[in-house]
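Here is how names work: the chains are called A, B, and so on, in the same order as the sequence lines, proteins then strands, and each is numbered from 1.
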Amino acid sequence: MIELSNIVKAYQMGDVKVPVLNGIDLRIESGEFVAIMGPSGSGKTTLLNIIGCLDTIDQGEYKLSGKFVDTQDDAQMARVRSTHIGFVFQLFNLIPRISAERNVELPMIYANIPHQQRRERVRQALTKVGLTDRARHVPTQLSGGQQQRVAIARALVNHPDLLVADEPTGSLDSSTGREIMQMFRQLNEEGMTIIMVTHESDIAAYARRTVQLLDGRIQYDH
Amino acid sequence: MLNQFIFIVDRILQAFYALRDNRLRSVLSIIGIAVGIAAVMAVGTVSKGGSYLVFSELETFGLNSVWVFRDRRDKDPNRLVRQGSGLDNYDLLALQNCCDAIERLSPVVMSRGNRMVIQTSNRYSNAQLYGVNADYTDINNDKISQGRAFREYDIKRNRAVALIGPTVVKDLFGEYTSPVGQEIRIGLRRFTVIGVIEEKSRDFLASIGSAGGQDANNRILIPYKLFQQMRGDKSINFLHLKAITLDDAPRASDQVINFLERRNGKNYQYTSQTMSTYIKTAQRILDGVAMIGVVAASISLFVGGLGIMNIMSTSVLERTREIGLRKAIGASKNDILFQFLMEAIIISTIGGVIGLTLGSVVSMALASVTGFPLTPSLLVIVIALAVSIVVGIASGYLPARRASQLHPVEALRYE
Ligand SMILES: Nc1ncnc2c1ncn2[C@@H]1O[C@H](COP(=O)(O)OP(=O)(O)OP(=O)(O)O)[C@@H](O)[C@H]1O
Ligand SMILES: [Mg+2]
């Protein structure tokens, strides 16, 4: 499903170019559950953002579901994100002061899903993460774990092929983190492809495959 | 098509939620725009009301009016100085059908020397007497509020009939009697009142010194030949004529003057006065008022626009992460541009509507105080709304564009 070949990416910092990814080759099949690990600054977030069609690459090729992705084409990238990819972040990134259900509804507005269908799908997604009774709450009225579950519902609502999560348990205590991982497990067993960045090896243990990064290269993959 | 519309509505709603979250700043910008639009409104209605007022007063003279009279500044100092007005009944007869720019023409005969006493049995009037023909009331745009106007035979047969103004009615009959059919005495003769001339307002023109000198409501009109008999000569003081259109007025005046100078040129020269001079003066004053208002309105709109630009810029900065998030979940550049532009337009339109309401209330208050007809017109409303939308787009565009061009990764990283 995902084919990365020789991905190179550097950030311009003033006059110097800081290399971040130095030739990544990675294949991920549909239905996999992959954890990306590595020390801080090793390029995990950058790699995940490229996979999620959020960031550009300098060199190399990215093939998603058999099609080359032109990472310079903003409009195409936005379309791919809208229809194929769901994002989960460490800091949840819910829009404050709008309710859980409105947050969940948001991706469907940009995907031009009709109103009736949206209502139904919001309900389904909130049921899936077990938060139907909190639909009208705004983020500040929810616990961290509940906020992350709203974010997962939002990531799922457009029926993506791929869920990308950047340290989804990074802001949660360990028992809440395990609950979220249970949910990921469940989703993966239902067929969802999941790629997740984490620092914690007990979280990575929920995945079936671990890719270890070091200085922008894959150190090992098993 | 309908779906397309609903999707746009969904996007507009996104803008609404965002504004609700930034209430204070939204309110401040709304006030700025509201003041600007209210000023635009005030200018629009005041200048419209003003020109309505001026033109309704000018109309009381008959807008196409031309006055022709003897030019007393004798051009040739060697010429024998002649007495008299230079106009008489023979001239009048000769002028019939002389000139194609004239629609109607009336002689005007006025008192000379001592005024005649005007009275009923025990009341007196100081009205100005005018001897005219049957066309005069039409030329001078006089409406008859009771009774009837002159007819041809009143003039031809020298009938002793009179049309009187509202002040004359009050002076001679008091408020509660109907004057039509009553008798009045002018000098030694008795006249029957056949009609009352409708009240005319000339307050505004009087205030800019163009009221024409006489009190339009304190007049008595009688057949001109009868007045000449009473005065004891056949002269006419001046001619009052009506050009076919306003634009024909200068031509009509030239035609009459040329005709008269060809006829009497050895002895007299003639000159004329038209309404267009008054109209120009009034228009100049109104334009000046409007200009000041336009400047004031532009300044407040500009300030309101700056306010919007400021809150939109701050808003874009504050919501950088939100913008990144929206992009991450599928919003395109245009979606973001549209949302922020929409926020600016909503602020300015709400400001516009409030300004319209404010402006309407103010102009209605003004209307009831001054009596000016200052009701806001549909055109003013459309212009005010269009202006506020334009201000919204103009001031929202740059911040919205900046928001739309944020890189999603950078935006999500923003603290
Ligand atoms: N916008 C940027 N400009 C410059 N340098 C950047 C930028 N984004 C990332 N970097 C650099 O790229 C490197 C990799 O960053 P990345 O966020 O991918 O690391 P990470 O593995 O996710 O680290 P962490 O575990 O701390 O999240 C870091 O050295 C970082 O400083
Ligand atoms: Mg990271």
Margin query: Taking CZ in B:Arg402 as the centre, count heavy atoms belonging to other residues, nucleotides or ligands within less than 6.0 Å. Is the count above 12?
Written below: yes
Notebook entry, point to check: Are there more than 12 heavy atoms of other residues, nucleotides or ligands under 6.0 Å from atom CG of A:Asp58?
Noted result: yes
Check: For the residue pair B:Ile329 and A:Arg154, what are the closest heavy atoms and their distance?
Finding: CG2-NE, 4.1 Å
Note to self: To check you understand the geometry: which heavy-atom pair defines the closest contact between B:Ala328 and A:Phe89, and what is its length?
What the structure shows: CB-CZ, 3.9 Å
Next item on the list: Check each atom of B:Lys327 against the heavy atoms of chain A and say whether the ones under 4.5 Å are side chain, backbone, both or neither.
Entry: both
Notebook entry, point to check: Non-hydrogen atoms of chain B under 4.5 Å away: do they reach the side chain of A:Tyr11, the backbone, both or neither?
Noted result: side chain
Next item on the list: Can you see which heavy atom on B:Arg326 is nearest to which on A:Leu106, and at what distance?
Entry: NH1-CD1, 3.7 Å
Next item on the list: Against chain B, label A:Asp55 side chain, backbone, both or neither, depending on which of its atoms sit under 4.5 Å from a heavy atom there.
Entry: both
Notebook entry, point to check: Between B:Gln405 and chain A, which part of the residue has a heavy atom less than 4.5 Å away: side chain, backbone, both or neither?
Noted result: neither
Check: Which one, A:Leu54, A:Thr45, A:Ile85, leads in non-hydrogen pairs under 4.5 Å with chain B?
Finding: A:Leu54
Check: Minimum heavy-atom separation for A:Asn93 to B:Leu412, with atom names?
Finding: ND2-CD2, 3.4 Å
Next item on the list: Heavy atoms only: give me the nearest A:Ala78-B:Ala331 pair and the separation to one decimal.
Entry: CB-O, 4.0 Å
